[in-house]
Amino acid sequence: MDMAAINSLVNTIDGIVWGPVMLVLLVGTGVYLTCLLKFQTWRNLPYAIHSVLSKEARTTKRGKGDVSPFSALMTALAATIGTGNIVGVATAMFSGGPGALVWMWISACFGLTTKFSECMLAIKYREVNAKGEMKGGPMFTMKNGFKHKMAGRTLGFLFALFSVIASFGIGNMTQANSISGAVQTVFGIPLEVCGVVLTILSLVIIVGGIKTISKVSSVVVPGMAVFYIIAGVICILINIQNVPHGLYLIFMMAFNPQAIGGGVLGTITVTIMNSMRYGVARGCFSNEAGLGSAAITAAAATTDDPVRQGYINMTGTFWDTIVVCSITGLTIASSGVLGTTDASGAPLKGIALTMAAFSSNIGVIGTYIVAIGIILFAFSTILGWEYHGEKAWEYLFGTHKFNMIYRVVFSLVVYVGATQTLDLVWNLSDIANALMAIPNLISLLVLSPVIKEEVVRFQGVLAKERAEKAALAAKEEGVKAHI
């Protein structure tokens, strides 16, 4: 079998594992858990966002862990907010139409519960290694949470194995290649030079472990997100008169394409299914709800209650999809560039579509903004995925002693990704990324009674804390009135 045939076979397998069955399993698990918890994750979203923005989230005073709750979230977001927020959204809207954005939102709403559940369980069942560092994630959830220990260990091993494979592809080489490609196209810097710089930066940060990675992520992630959001909002405001029509197209193409251009029932059904497929796929791929990777980082957080940190990490899906992906989608929808072609007559898609949307509003600076966004988003993804892969590596070997080997090799592979196009490796890691979700989702369904029990328990804790705050506020008001 030649390389072309192998690539074709791998592409076919990739299409199957990321097909309708996987998407139904991903979203279906979120729907089931959301209903099981009586929509408590939705109702507690304001509490979760407030917790993330509080000063307490930036401290390590409450409970045990390696990094602050905020740092744990930022490191998880470093791995999830990546090229998918810029290139993935554009690809979904090109392939599935503007309505794909609606399905991204829907998948994110139910993904909130999935992300909460996997992160909460990761903290509940985490362990401490010989160095005193936290180690957790779906593999430890399965190992320690399943009553059938053999099943738990088997699923945990498979999850860890697929995580390590995915970390080198989706979490490393694809991101490095996106960075070098953007740098070469926009700034004219050779791939090799970019590869050397990226490798050195990665090595310096990654060798320091989770504490160094979290410190960098706590600065880079909020900074890059705010930078990109502000630029996107400016573009949207410039085209504010087109936003209502853009929203109309988004919602109509998601549910009723006949209202836009007519068509027979078969065509309408295909259009809706394409919109749903690409929207859900890109939404789940972007925020990683259900894939389990973010739960590995959540396990490093300093917290006194797994549910509390579960709510904090749950907001990652909100920030990633509802905020950042929406900015990209609305900028494209309001710009009028969707469906246009470049100078050669080829339709604009992917990064070219996003660059065109930004450039149509603010000129050539829009191209630089998207390029810088790609560089920062993708580099942070490399850092976040290193930690995910490292902990999976540690689980496979049963010791932390080989972690430094993984860190060095992972950093060196960045150069390969920046300078080479390895479609086969990327497709294989994409398959591994999907296969991570299967054992993780099984564990969420098996342990759903535990998830419900923990959520119900924490509601009592939350009610008590709110009562105490109200009493303290009333006391302070009384003192002020007396004075």
Side-chain angles (χ1 to χ4, degrees), residues 27 42 45-46 49 81 84-112 225-226 228-263 267-287 289 315 317-340 347-362 366 369-370 373:
V27 179
W42 293 11
L45 181 59
I49 293 174
I81 296 183
N85 298 81
I86 297 177
V87 181
V89 174
T91 300
M93 295 182 71
F94 171 80
S95 302
L101 191 60
V102 172
W103 295 105
M104 290 183 74
W105 291 335
I106 292 173
S107 70
C109 287
F110 293 105
L112 282 171
V226 170
Y228 186 76
I229 289 170
I230 290 175
V233 169
I234 291 173
C235 291
I236 293 170
L237 290 176
I238 290 175
N239 270 338
I240 192 68
Q241 72 278 5
N242 296 331
V243 171
H245 181 65
L247 289 172
Y248 171 75
L249 288 175
I250 288 169
F251 283 98
M252 286 300 101
M253 289 297 285
F255 301 108
N256 185 21
Q258 188 177 20
I260 305 297
T267 303
I268 295 171
T269 303
V270 169
T271 303
I272 293 177
M273 290 305 296
N274 279 340
S275 177
M276 185 186 303
R277 176 190 171 193
Y278 285 102
V280 172
R282 289 296 170 177
C284 293
F285 187 82
S286 176
N287 59 55
T315 64
T317 299
F318 172 81
W319 302 120
D320 176 276
T321 306
I322 303 299
V323 178
V324 181
C325 286
S326 295
I327 291 295
T328 301
L330 290 175
T331 301
I332 293 173
S334 62
S335 67
V337 300
L338 187 62
T340 59
L348 291 173
K349 56 184 177 180
I351 189 172
L353 180 60
T354 307
M355 283 184 170
F358 276 77
S359 299
S360 69
N361 294 305
I362 53 180
I369 288 172
V370 174

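Bear in mind the structure is a predicted one, so any value in this text is a computation, not a measurement.
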Measure the [atom1]-[atom2] distance between [X] and [Y] for me, rounded to the nearest 0.5 Å.
{"X": "Leu45", "Y": "Ile322", "atom1": "CG", "atom2": "CD1", "result": "9.0 Å"}
{"X": "Leu330", "Y": "Ile236", "atom1": "CG", "atom2": "CD1", "result": "4.5 Å"}
{"X": "Met104", "Y": "Asp320", "atom1": "CE", "atom2": "CG", "result": "7.5 Å"}
{"X": "Ile362", "Y": "Ile238", "atom1": "CD1", "atom2": "CD1", "result": "6.5 Å"}

Which atom pair, heavy atoms only, marks the closest approach of [X] to [Y]?
{"X": "Ala356", "Y": "Val337", "value": "O-CG1, 3.9 Å"}
{"X": "Ser360", "Y": "Ser335", "value": "OG-CB, 3.6 Å"}
{"X": "Val27", "Y": "Ser107", "value": "CG2-CB, 4.4 Å"}
{"X": "Ile49", "Y": "Thr315", "value": "N-CG2, 3.9 Å"}
{"X": "Thr331", "Y": "Ile327", "value": "OG1-O, 2.6 Å"}
{"X": "Ile369", "Y": "Ala231", "value": "CG2-CB, 3.6 Å"}

### Task
Measure the shortest side-chain to side-chain distance between Thr340 and Pro347 over non-hydrogen atoms and say whether it is less than 4.5 angstrom.
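A side-chain contact under 4.5 Å is absent here.
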### Task
Please check if any side-chain donor atom of Trp105 sits under 3.5 Å from a side-chain acceptor atom of Thr321, or the reverse.
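No, no side-chain donor-acceptor pair sits under 3.5 Å.
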### Task
May I ask you to decide if Val324's main-chain N or O and Trp319's side chain share a donor-acceptor pair within less than 3.5 Å?
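Side chain of Trp319 to backbone of Val324: no pair is present.
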### Message
Exactly one of Leu247, Ile240, Asn239 should register a side-chain contact (heavy atoms from CB on, under 4.5 Å) with Ser334. Which one does?
### Response
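It is Asn239; the other options fail the test.
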